[in-house]
Number of protein chains: 2
Amino acid sequence: MVRPTMEDVALRAGVSRALVSLVMRGSPKVSEMRRTAVLKAAEELGYSPHAMARSLASRTSTVLGVMVSDLHNAFFAEVVDGIDEVAREQGFDIIINTGGRSPARERRALESLLSFRPAGLILLSPVVPATAIGKAAEQLPIVLVARSSRVSTVDTVNDDGEQGARLAVDHLVSLGHKRIAHLDGGEGTQAGPRRRGYIAAIEAHGLTPQVVSSEYTDAAGARAIRSLLSDGALPTAILSCNDFNAVGAISALEDAGLRVPQDVSVVGYDNTSLAALRHVSLTTIDQPRAEFGRLAAVALLQRVREERTEPVRHLLNPSLVVRNTTAPPATSRRSSGPLLSSTAAGDSAGSGDTTADSQARSPERRSRDQ
Amino acid sequence: MVRPTMEDVALRAGVSRALVSLVMRGSPKVSEMRRTAVLKAAEELGYSPHAMARSLASRTSTVLGVMVSDLHNAFFAEVVDGIDEVAREQGFDIIINTGGRSPARERRALESLLSFRPAGLILLSPVVPATAIGKAAEQLPIVLVARSSRVSTVDTVNDDGEQGARLAVDHLVSLGHKRIAHLDGGEGTQAGPRRRGYIAAIEAHGLTPQVVSSEYTDAAGARAIRSLLSDGALPTAILSCNDFNAVGAISALEDAGLRVPQDVSVVGYDNTSLAALRHVSLTTIDQPRAEFGRLAAVALLQRVREERTEPVRHLLNPSLVVRNTTAPPATSRRSSGPLLSSTAAGDSAGSGDTTADSQARSPERRSRDQ
DNA sequence: TTACAGCATTAGAGCGCTCCAACCAATAGA
DNA sequence: TCTATTGGTTGGAGCGCTCTAATGCTGTAA
C-alpha cells in the first residue's frame with residue numbers, strides 16, 4: 001500500500017533525484033545511458049509520478065476540471081468525449097465532477113474541483129449564479145458550454161438555437177404544413193433562443209405562431225398535447241422544445257387515436273440517442289456535441305497558455321435529422337411521405353434516417369465565431 | 001489569478017500558520033477569539049485550502065476516485081448519485097473519470113485517477129483486465145460495481161441477475177405464457193447470470209428454454225425478432241437481455257404487424273429511463289442503482305479506515321416493474337390484461353406502473369452478503 | 001599548460017500544507 | 001513555595017516533487 005518515490009528510483013538507478021525528475025519529464029538533456037537506467041529502475045519498482053506533488057512544486061497543472069451539471073443526460077457524455085479527445089492530445093488529464101442540477105451541490109462540486117488547482121475549468125450547462133462563475137474566473141480560465149456569459153474572461157460554446165428552430169420550421173413548411181405549434185421549454189436552458197427562432201421563422205413564412213407552454217419532460221409534452229386537444233386547437237405539426245417532450249407528445253397523440261406522422265408531424269430537438277431508436281425514429285435537430293467539447297477544450301488551453309485574452313464566443317450550427325415522425329399534412333397528402341415504422345425490413349444498424357442525417361454527422365461543421 | 005496561502009491568512013490574522021491550519025481543519029483546541037479572527041481574514045482574502053498540498057502533507061486523502069466505464073449510460077449516473085451521497089456525508093469528495101468502454105482509454109483513466117492518490121477507488125463496470133485491477137489494488141482499496149472479482153482485497157457490488165431473470169419468467173408464466181424466449185446478451189456484462197437464471201426458471205416450470213443469440217442494442221433486438229419470425233419460431237413472450245434490446249424487439253414485432261402485448265409480451269432488463277417513458281412503458285427488471293453506489297461507498301470507506309480486511313460481496317435483489325408490454329397470451333385471453341397505451345388519460349406524472357413498481361422503489365431493499 | 005566552452009548531473013531551496021514536539025501562560029495540587 | 005497539569009499556540013521538519021544555480025567533466029582553442 002505504499003508507493004515508491006522518486007528518491008527510491010534514484011537510489012536504485014544510482015543517480016540523483018533531480019535526474020530522475022528530468023527523465024520523468026522527458027527532458028532531452030539526459031544521456032541515453034542514464035535514461036534507460038532510470039526507466040528500468042522505475043519499472044522494477046512500479047513507480048509512477050505523484051501528480052499532486054508535481055503540480056505543487058511546479059506551480060502548474062496538467063489537469064482540466066469538468067463540471068457536468070447532470071450526469072443522467074447523455075448529451076454531456078458526448079461533450080466530455082470531445083473535451084477528453086483534445087485534452088489527451090495536448091497532454092492534459094481531465095477530472096469530472098457533477099452538480100446534479102442543484103445549485104448547492106453544483107457549488108460544492110465547483111469548490112471541490114477548484115481545490116485541485118486545475119489549469120482551467122469547463123462548465124457544462126451550469127446552474128450556479130453568474131456571480132459565482134465570475135468569482136471563479138478570477139482564479140483560473142473558465143469555458144462555459146450550453147450557457148452564455150458576458151464576463152470577458154470567460155469563453156462560451158453554444159449552439160444556435162434560433163437557427164435550429166428555423167431549420168425545423170422550414171422543414172415542416174416545405175412539407176406543406178401551415179399550422180405549426182411550438183411546445184415551449186419555459187425556463188429551461190436554450191428554451192429562449194428556440195422559441196425566438198420558431199416565432200421568427202413562422203412569421204417569415206407569413207404564418208401565425210402558436211406557442212404552448214410546456215417543459216423539457218415527456219410528461220409535460222403529453223400534457224401540452226392534451227390541452228391542445230381539449231381546446232380543439234390541434235395543429236398539423238408540432239415543434240417540441242426537446243426530444244423527451246416530443247416523445248411525450250407522440251404518446252398523447254397516439255392515445256387520442258391520432259397517427260404520427262399521418263395525422264400530425266412531430267419534430268424534437270437535441271437528437272438524443274432516444275430519437276435514434278427505431279421504435280421512436282424521431283425527426284429532430286442535431287447539435288454537434290463532440291464539437292462543443294473539442295472547441296471548449298481548445299479555447300481553454302489557449303487561455304491556459306496565455307495565447308489569447310479576448311473572449312471567444314462559439315455559436316455552432318445545428319442540423320436537421322429527418323426520420324419518421326414528419327410527413328406532409330393529411331389534407332395535402334398524395335401518396336408519398338414516410339410512415340412510422342415503414343422501414344421494416346433490412347438488417348442494417350441504421351434507423352432509417354434520410355440523407356440529412358449523414359450530413360448532420362459530417363465533420364466539416366462550420367463554427368461561427370463572433 | 002494568484003490564490004492566497006495559509007501564510008497570507010496567518011499574517012493578516014496576526015497568528016501563526018499552524019494556527020490557521022488548525023482552524024481550517026476545525027480543531028476544537030482553538031480559542032473562539034482566534035478562530036473568528038482567522039475565519040475573518042480568510043474570508044477577506046478569499047482563501048480556500050489547497051487540497052493537494054494538504055493531502056501531500058498529511059499523507060492522507062479525502063478524495064474517492066470513481067471510474068465510469070461509459071458516461072453515455074444513465075445507469076452509472078444513478079450509481080454515482082449513491083456514491084456521492086455517502087461520500088459527502090462522510091466528508092469525502094469524489095472525482096470522476098471515464099474510460100469510454102475502451103480498455104486502453106480506461107487504463108489511462110485509471111492511471112490518471114491513481115496519480116491523485118485518492119483514498120480509494122470505485123470502478124463501475126470496468127473492462128480493463130483483472131490483472132490491472134489486482135495491481136491497482138495493491139496500492140489502495142478498490143470496490144467493483146457491476147463486475148465480479150476473486151481478489152480478496154477487492155470488494156464487489158452486483159445485482160443478482162439470475163434472480164432478476166427468474167422474476168421475469170415467473171411473471172410471464174403467471175400470465176399464462178408457455179413459450180418464452182430469451183434474447184441473449186452474448187458477451188455483455190451480466191449476460192451470463194441472466195441467461196442462467198432464465199434457463200433455470202423455465203425448467204423449474206417444466207417448460208423448454210429457447211435462447212436466441214443477441215446483443216445489448218436495439219438493432220440487435222430487432223434482428224433477433226426477425227430471425228425468429230423467418231424461422232416461424234416466434235414464442236408468445238420475450239425476455240430481452242436489456243431494455244434497449246427489448247425496445248428493438250418491440251419495433252420489429254410491430255413492423256411485422258404484431259401487437260405488444262396483445263400478440264406478444266416483452267420484458268426488458270435494467271429499468272432505464274427509456275423504459276419508463278410512457279411511449280415505451282416497458283415491463284422490466286429494476287436494479288437498485290443508487291443503492292449500488294451507496295453500498296460501494298460504504299464498503300470503500302470501511303477499507304479506507306481499515307475497519308475491515310475480509311472482502312465483501314454484495315449481491316442485490318432486483319425487482320419486477322410491471323408496465324404495459326406484458327399481458328396474458330392471445331390464446332388464453334379472456335378480457336383482462338393491460339393493453340399498450342391503455343392508460344391514456346390522467347395528468348399524473350406516473351407512467352401507468354402497477355403496484356410492483358412502487359415496491360421496486362421502496363427503500364427497504366434487502367442485500368444478501370456472502 | 002591554462003582557459004573556456006558546452007554538456008550532463010546534482011545540491012538545495014521551496015511549493016502549501018500537516019504534524020509533532022516544544023513552549024508558554026494560567027491554574028491546580030502538594 | 002515548587003511542581004504538575006491543562007489548554008492554547010508556535011517553530012520547524014518534511015510530504016514528493018520541480019527548478020535554479022552550481023558542479024564536475026569532458027573536449028577544444030589559445
Side-chain angles (χ1 to χ4, degrees), chain A residues 1-39 41-42 45-63 91 93 114-119 139-140, chain B residues 1-39 41-42 45-63 91 93 114-119 139-140:
Chain A
M1 285 284 192
V2 62
R3 302 198 69 166
T5 80
M6 225 170 223
E7 203 72 53
D8 301 324
V9 177
L11 220 65
R12 181 173 250 261
V15 298
S16 72
R17 178 171 30 79
L19 210 249
V20 177
S21 172
L22 288 176
V23 172
M24 287 303 153
R25 282 175 289 148
S27 163
K29 39 173 71 178
V30 176
S31 69
E32 209 44 52
M33 198 189 75
R34 306 273 193 173
R35 181 188 307 284
T36 52
V38 166
L39 290 177
L45 292 172
Y47 172 81
S48 81
H50 191 311
M52 309 175 96
R54 167 176 287 181
S55 112
L56 184 62
S58 65
R59 270 138 293 182
T60 64
S61 168
T62 58
V63 172
D93 274 320
L114 242 28
S115 78
F116 286 97
R117 302 292 192 276
Q139 296 178 11
L140 79 176
Chain B
M1 284 287 192
V2 60
R3 305 198 69 166
T5 80
M6 225 170 224
E7 204 72 53
D8 301 323
V9 177
L11 220 65
R12 181 174 251 262
V15 299
S16 71
R17 179 173 30 77
L19 209 247
V20 177
S21 172
L22 288 175
V23 172
M24 287 302 152
R25 282 176 289 147
S27 162
K29 40 173 69 176
V30 176
S31 70
E32 209 44 54
M33 197 189 75
R34 307 274 193 172
R35 181 188 306 283
T36 53
V38 167
L39 290 177
L45 291 173
Y47 171 82
S48 80
H50 191 310
M52 307 175 97
R54 167 177 287 180
S55 109
L56 184 62
S58 65
R59 270 140 292 182
T60 64
S61 168
T62 58
V63 172
D93 273 321
L114 243 29
S115 78
F116 285 97
R117 301 294 192 275
Q139 297 177 10
L140 40 41

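For clarity, every value in this text was computed on a predicted model and none was experimentally measured. Only heavy atoms go into these numbers, but all of them, side chains included; no hydrogens, no water, no symmetry mates. Order of the sequence lines sets the chain letters (A, B, ...), proteins ahead of strands, with each chain counted from 1.
Under the side chain to side chain contact (heavy atoms under 4.5 Å, CB included) criterion, A/A57 pairs with no residue, sequence neighbours left out. Listed by chain and number, the residues in a salt bridge (Lys or Arg N to Asp or Glu O under 4.0 Å) with A/R35 are A/E32 (sequence neighbours excluded). With sequence neighbours excluded, the residues that form a side chain to side chain contact (heavy atoms under 4.5 Å, CB included) with B/S21 are B/M6, B/R25. The side chain to side chain contact (heavy atoms under 4.5 Å, CB included) test applied to B/R34 returns B/V15, B/L19, B/V30, B/S31, not counting sequence neighbours. For B/S61, the side chain to side chain contact (heavy atoms under 4.5 Å, CB included) criterion is met by B/V63, B/A119, not counting sequence neighbours. Legend: residues meeting salt bridge (Lys or Arg N to Asp or Glu O under 4.0 Å) with B/R117, ordered by chain and number and at least two apart, are absent. A/T60 is linked by a side chain to side chain donor-acceptor pair (under 3.5 Å) to A/S58, counting only residues two or more places apart in sequence or in another chain. Contacts of B/R12 classified as salt bridge (Lys or Arg N to Asp or Glu O under 4.0 Å), with partners at least two apart in sequence or in another chain: B/E44.
One axis for each end of the helix from C/dT1-D/dA30 to C/dA30-D/dT1, each built from five base pairs, and the angle between them comes to 70° at 10° resolution.
You can see that DNA chain D meets the heavy atoms of chain B within a 4.0 Å-exclusive cut from D/dG8 to D/dG16, reading 5' to 3'.
A heavy-atom distance below 4.5 Å is not found between the side chains of B/L22 and B/V38.
Note: A/M52 CE to B/F116 CZ = 6.5 Å, rounded to the nearest 0.5 Å. To the nearest 0.5 Å, atoms CG (A/L56) and NE2 (B/H50) are separated by 5.5 Å.
For the segment residues 55-62 of chain B, the set of residues with a heavy atom within less than 4.0 Å of an atom of DNA chain D comprises B/L56, B/A57, B/R59, in numerical order. Taking every heavy atom of residues 15-29 of chain B and every atom of DNA chain C, pairs under 4.0 Å involve B/R17, B/A18, B/S21, B/R25, by number.
To the nearest angstrom, P of C/dC7 lies 17 Å from CZ of A/R34. Going from atom NE2 of A/H50 over to atom C1' of C/dC17 covers 13 Å, rounded to whole Å.
Inspection of the A/R3 and A/S48 side chains reveals an N or O donor paired with an N or O acceptor under 3.5 Å.
The two residues B/L140 and B/P118 have their closest heavy-atom pair at CD2-O, 3.5 Å.
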